[in-house]
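Numbers here simply count residues along the sequence, with the first being 1. Atom set for the values below is all heavy atoms of this structure, side chains included, hydrogens, waters and symmetry mates excluded.
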Amino acid sequence: MGNKIISMMKKDSKDGGGGGSKSKRMNRSQRKLLADEEMLHRRALSMAIHQAQLSQRFDGSMSRRVGSTSTRKRTLSDPFSNGKQVPDFSESLIVKKFVLVHGEGFGAWCWYKMVASLEESGLSPVTVDLTGCGFNMTDTNTVSTLEEYSKPLIDLLENLPEEEKVILVGHSTGGASISYALERFPEKISKAIFVCATMVSDGQRPFDVFSEELGSAERFMKESQFLIYGNGKDKPPTGFMFEKPHMKGLYFNQSPNKDIALAMISMRPVPLGPMMEKVSLTAERYGKGRRFYVQTLDDRALSPDVQEKLVRENSPEGVFKIKGSDHCPFFSKPQSLHKILLEIAQIP
């Protein structure tokens, strides 16, 4: 998005004649957009660095919202909308609260653009750090089940006021956590949105969805160079983490360099147990949930073909597609993802 904006500014500066005042207005608008993005990125980067420092000396858990704009007066001018006014439809929505759930290795920090844009649209986004992720300083090597891994999300849902509902958004393997939440609390979840996510079927492991890229779970457990042995080499592996070059090619082939830099200092090892656990889902609970799927069409971690297969095998209510997005649309295509989330929120 940044390169596109810069090229537009250069083009405008070359235009002459009577379009000068319009060009200046456009330049001011674009400069404001760039300034807003820069401010959000610096805030996220600062918190990521702080997280890295905490991880070396803090033993406990912490959860923060990244990129929140709730401390300043809200307007309906979306920082990702090129200065256009965002329609104030929020008052007509029954459910305004979004709960954003990150994928493997990520944390609440990855949603910083979505938090800002959703708040600017009059909605109430909340982010969670799953156990051992982001600011939650639990040792990932000790997280062995999906229940443990998803506990922060489950605690949030348990503590919701009676009769209040939320819209869950899960990215990548966060799909397993929101599926687990749907099974536990179908009455508290208005809609579940799977963003290039592991929308597993009953009895399927989250890892199985990535088998096309990473090989079978059994082979990965035996041969992968990315495994972590937190309990010693003579014990089963406890987690995994890709090397940076592999991670960049797999997740961020369309993302801005600034966001890649943020991810490189923020991502943490992935607990292996929850990824290898077969998820139990029932038609009576999970099956009654309203599910939507967002496909990313330039994704190298979860290919478009695999995403199509997930949709065929576990049909959601609606399917949306983002062209030119890698596995992290909240970085590579934030405007498109924002628009889709608003559209789904308005579906009666």
Side-chain angles (χ1 to χ4, degrees), residues 1 5 28-30 32-44 47 63-102 108-129 153 156-157 159-171 174 178 181 185 188-195 289-294 317-318 320 322 325 329-348:
M1 179 169 59
I5 292 168
R28 285 196 294 269
S29 175
Q30 300 298 349
K32 183 180 184 303
L33 173 61
L34 289 171
D36 285 342
E37 286 195 18
E38 183 68 20
M39 177 194 69
L40 286 170
H41 187 272
R42 286 183 179 182
R43 184 180 299 171
M47 293 188 74
S63 179
R64 297 191 182 186
R65 296 170 63 197
V66 180
S68 171
T69 57
S70 58
T71 56
R72 58 189 173 92
K73 185 177 179 180
R74 180 178 63 81
T75 67
L76 292 176
S77 177
D78 185 344
F80 303 109
S81 65
N82 292 327
K84 296 179 181 179
Q85 290 297 106
V86 177
D88 186 8
F89 61 86
S90 61
E91 293 303 318
S92 65
L93 293 179
I94 297 175
V95 177
K96 302 180 185 179
K97 182 173 287 186
F98 283 76
V99 179
L100 308 176
V101 183
H102 62 81
W109 53 267
C110 74
W111 296 109
Y112 77 96
K113 291 180 180 179
M114 287 300 101
V115 169
S117 58
L118 288 170
E119 284 186 344
E120 294 290 349
S121 297
L123 301 173
S124 301
V126 175
T127 61
V128 295
D129 284 317
L153 173 61
L156 184 152
L157 294 173
N159 292 321
L160 279 179
E162 192 173 351
E163 304 302 324
E164 182 174 336
K165 291 189 175 186
V166 299
I167 297 174
L168 290 188
V169 182
H171 169 244
I178 69 171
F185 299 107
K188 294 189 175 185
I189 299 167
S190 170
K191 297 164 185 170
I193 305 173
F194 294 76
V195 180
R290 299 187 66 186
R291 293 177 290 109
F292 299 83
Y293 200 94
V294 180
E317 183 175 330
F320 299 78
I322 303 180
S325 175
F330 41 75
F331 289 157
S332 59
K333 288 289 184 178
Q335 290 174 288
S336 299
L337 180 57
H338 176 222
K339 181 180 178 181
I340 288 172
L341 296 185
L342 297 188
E343 187 174 344
I344 294 175
Q346 295 176 81
I347 296 175

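Residues P348 and R290 share a closest heavy-atom pair of O-NH2, 2.9 Å. A108 and D129 get closest at one heavy-atom pair: N-OD1, 2.7 Å. Here the closest non-hydrogen pair linking C110 and H102 is SG-CB, 4.0 Å. The two atoms that bring L157 and A181 nearest to each other are CD1-CB, 3.6 Å, heavy atoms only. Across S325 and P329, no two heavy atoms sit closer than the pair OG-CB, 3.2 Å. Considering all non-hydrogen atoms of both residues, K191 and I344 come closest at NZ-O, 2.7 Å.
To the nearest 0.5 angstrom, S117 atom OG is 8.5 Å from E120 atom CD. Once rounded to the nearest 0.5 Å, the distance linking CG of L337 with NE2 of H171 reads 9.5 Å. The CG atom of L168 sits 8.5 Å away from the CZ atom of F194 when rounded to the nearest 0.5 Å.
Checked options L341, I167, V115; the residue passing with P125 is V115 (criterion: side-chain contact (heavy atoms from CB on, under 4.5 Å)). Put simply, the residue from H338, K96, K113 that forms a side-chain contact (heavy atoms from CB on, under 4.5 Å) with L118 is H338.
By the 4.5 Å heavy-atom criterion applied to side chains, E164 and K188 are not counted as neighbours. At a threshold of 4.5 Å between non-hydrogen side-chain atoms, the residues L342 and L123 count as touching. The shortest side-chain heavy-atom distance between L100 and F330 does not fall under the 4.5 Å cut-off. For the pair V169 and M114, the minimum side-chain heavy-atom distance is 4.5 Å or more. For the pair I340 and I193, the minimum side-chain heavy-atom distance is 4.5 Å or more.
Taking the six-membered ring for Trp and thresholds of 30 and 60 degrees, F331 and Y112 have ring planes inclined between 30 and 60 degrees apart.
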